[in-house]
Amino acid sequence: MPEHVRIYEVGPRDGLQNEATPIPTATKARYVDLLVAAGLREIEATSFVSPKAIPQLADADALLAALPRPTGVRYPVLVPNERGMARAEAAGADALAVFTAATDAFTERNIGMTVAESLDAFAPVLTRARALGWWRRAYVSTAFGCPYTGAVDPARAVDVGLRLLELGVDEVCFGDTIGVGVPSQVVELTQVAVDGGIPREQIAYHFHDTRGTALANVAAGLAAGVRAFDASSGGTGGCPYAPGAAGNLATEDLVYLLDAMGYEHGVRLEGVLEAARFVAEALGKPLTTKVGQAGGWDPRTGAPVGRA
Ligand code: HMG
Ligand code: MG
């Protein structure tokens with residue numbers, strides 16, 4: 001039996017939150033449809049944050065209400081506070097992600113709170129989400145390094161993760177927000193997290209590919225027993241409050257790696273490539289990801305797969 005890996009798609013949220021080109025709500029909905037058709041079952045759809053902070057996702061209410069709800073598909077949404085929770089509830093959400101970081105300097109710029117204040121703000125949100133039966137994730141950003149304060153002690157990231165577990169999240173996702181992490185750090189962070197009391201099954205990783213280390217970091221995470229990874233079709237992504245953050249690990253690159261390593265994940269590479277091409281065109285940019293350009297590869301014939 002091949003082992004299962006969860007691919008958590010962040011293209012519609014992380015991918016679009018930092019883009020200058022405005023994308024109509026209907027185009028976002030079509031993008032999500034293509035991702036569902038590709039077999040993705042966890043798609044972070046949007047954010048219920050201040051429209052002043054992230055104008056690109058100001059249509060969160062309309063988008064979420066417009067999405068079809070096929071069985072087995074989850075659309076987590078980012079929620080920073082009770083105001084965001086009320087909006088998410090009214091729009092029909094049933095899964096959320098709260099988001100803080102390992103460092104105060106980043107958290108203050110991103111959400112106007114220290115890490116401790118953010119945990120206080122999340123407590124009522126997570127209590128409500130739990131009462132409603134929602135799936136709940138928490139991000140610990142800057143887990144591999146901070147654009148404002150530099151190196152981060154993994155024990156600090158794990159400590160924040162433990163506080164979030166106490167608040168009742170189902171999953172802790174450690175983010176390499178600015179893409180500075182390397183495989184040895186993934187191995188160390190996973191070990192510190194598991195030793196500290198975060199079960200491996202509740203750990204996910206979110207790698208930005210700023211310096212080309214994301215796929216190597218996934219390989220290290222897999223070897224360390226982690227089975228949940230974020231990715232963005234087309235490799236889009238970045239955070240306006242994290243200078244230097246570039247795109248996320250591309251979903252097509254992740255799917256290629258997992259397929260070739262024999263992991264089962266339920267996602268079709270050709271479908272992801274279609275979604276990646278769609279979003280690149282909507283943004284008016286060329287598709288520059290590795291597998292987006294080369295296609296996949298069929299070992300039976302030696303031919304590329306899914307190339308435009
Ligand atoms: P604030 O200004 O400190 O707080 O913002 P506030 O409570 O004073 O609110 C300011 C205004 O926003 C008020 O409106 C509020 O009503 C409104 P005004 O009176 O000025 O007209 N407001 C809201 N409106 C809609 N929805 C809400 C909401 N809350 C307040 N939920 C706040 C604090 C958290 C709201 C703001 O800083 C914010 O929205 N930040 C979001 C930043 C963000 O989304 N960053 C990107 C996501 S994180 C990321 O990308 C990293 C990740 O990918 C992982 C990784 O890579 O590591 C997840
Ligand atoms: Mg991110």
Side-chain angles (χ1 to χ4, degrees), residues 8-19 44-64 76-91 93 96-103 105-115 117-122 124-125 128 137-148 152 157 160-161 164 169 171-181 185 189 204-210 214 217 228-232 235-251:
Y8 182 99
E9 168 72 36
V10 296
R13 195 278 304 169
D14 201 328
L16 300 185
Q17 73 182 10
N18 202 25
E19 289 291 340
E44 201 165 83
T46 186
S47 298
F48 288 90
V49 298
S50 160
K52 286 181 194 144
I54 308 282
Q56 292 86 341
L57 304 183
D59 62 350
D61 315 73
L63 175 66
L64 197 66
V77 294
L78 253 54
V79 170
N81 54 19
E82 287 184 277
R83 171 86 191 280
M85 182 63 196
R87 286 178 59 207
E89 221 178 306
L96 63 66
V98 294
F99 54 108
T100 184
T103 56
F106 174 72
T107 315
E108 279 164 356
R109 284 166 180 87
N110 196 37
I111 52 174
M113 311 174 207
T114 62
V115 174
E117 286 165 353
S118 73
L119 297 174
D120 290 344
F122 299 158
V125 168
R128 175 75 186 151
R137 154 184 273 215
Y139 285 99
V140 181
S141 286
T142 64
F144 295 84
C146 174
Y148 303 108
V152 168
V160 177
L164 289 158
V169 300
E171 173 167 276
V172 175
C173 179
F174 292 106
D176 186 8
T177 316
I178 51 169
V180 289
Q185 281 180 284
L189 179 57
Y205 280 121
H206 175 107
F207 297 122
H208 283 260
D209 201 24
T210 319
N217 289 340
F229 298 95
D230 294 7
S232 168
T236 53
C239 174
Y241 304 97
N248 288 273
L249 168 63
T251 313

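Counting starts at 1 for both ligands and their atoms, following the listed order.
Between Tyr139 and His206, the gap from one ring centroid to the other is short of 6.0 Å.
Here the SG-CG distance, from Cys173 to Asp230, works out to 4.0 Å after rounding to the nearest 0.5 Å. To the nearest 0.5 Å, the span separating OG on Ser47 from CG on Asp14 amounts to 8.5 Å.
Judged purely by distance below 3.5 Å, without hydrogens or angles, the side chains of Thr107 and Ser118 never pair a donor atom with an acceptor atom.
With sequence neighbours excluded, no residue forms a salt bridge (Lys or Arg N to Asp or Glu O under 4.0 Å) with Asp176. Considering only residues two or more places apart in sequence or on other chains, Arg13 meets the salt bridge (Lys or Arg N to Asp or Glu O under 4.0 Å) condition with Glu44.
Considering Phe144, Phe207, Phe106 in turn, Phe106 is the only one that fulfils the side-chain contact (heavy atoms from CB on, under 4.5 Å) rule with Thr177.
Here 3 is the count of protein N, O or S atoms positioned under 2.8 Å from the Mg ion (ligand 2), waters not counted.
Figure legend: cation-pi geometry between Arg137 and Tyr8, with NZ or CZ positioned under 6.0 Å from the six-membered ring centre and within 45° of its axis. Cation-pi contact between Arg109 and Tyr148: present, with separation from the ring centre below 6.0 Å and deviation from the ring axis of at most 45°.
Within 4.0 Å of ligand 1, protein heavy atoms belong to Arg13, Asp14, Gln17, Phe48, Val49, Ser50, Pro51, Lys52, Ala53, Ile54, Leu78, Pro80, Asn81, Arg83, Gly84, Arg87, Phe99, Asn110, Ile111, Tyr139, Ser141, Gly175, Thr177, His206, His208, Cys239, listed by chain and number.
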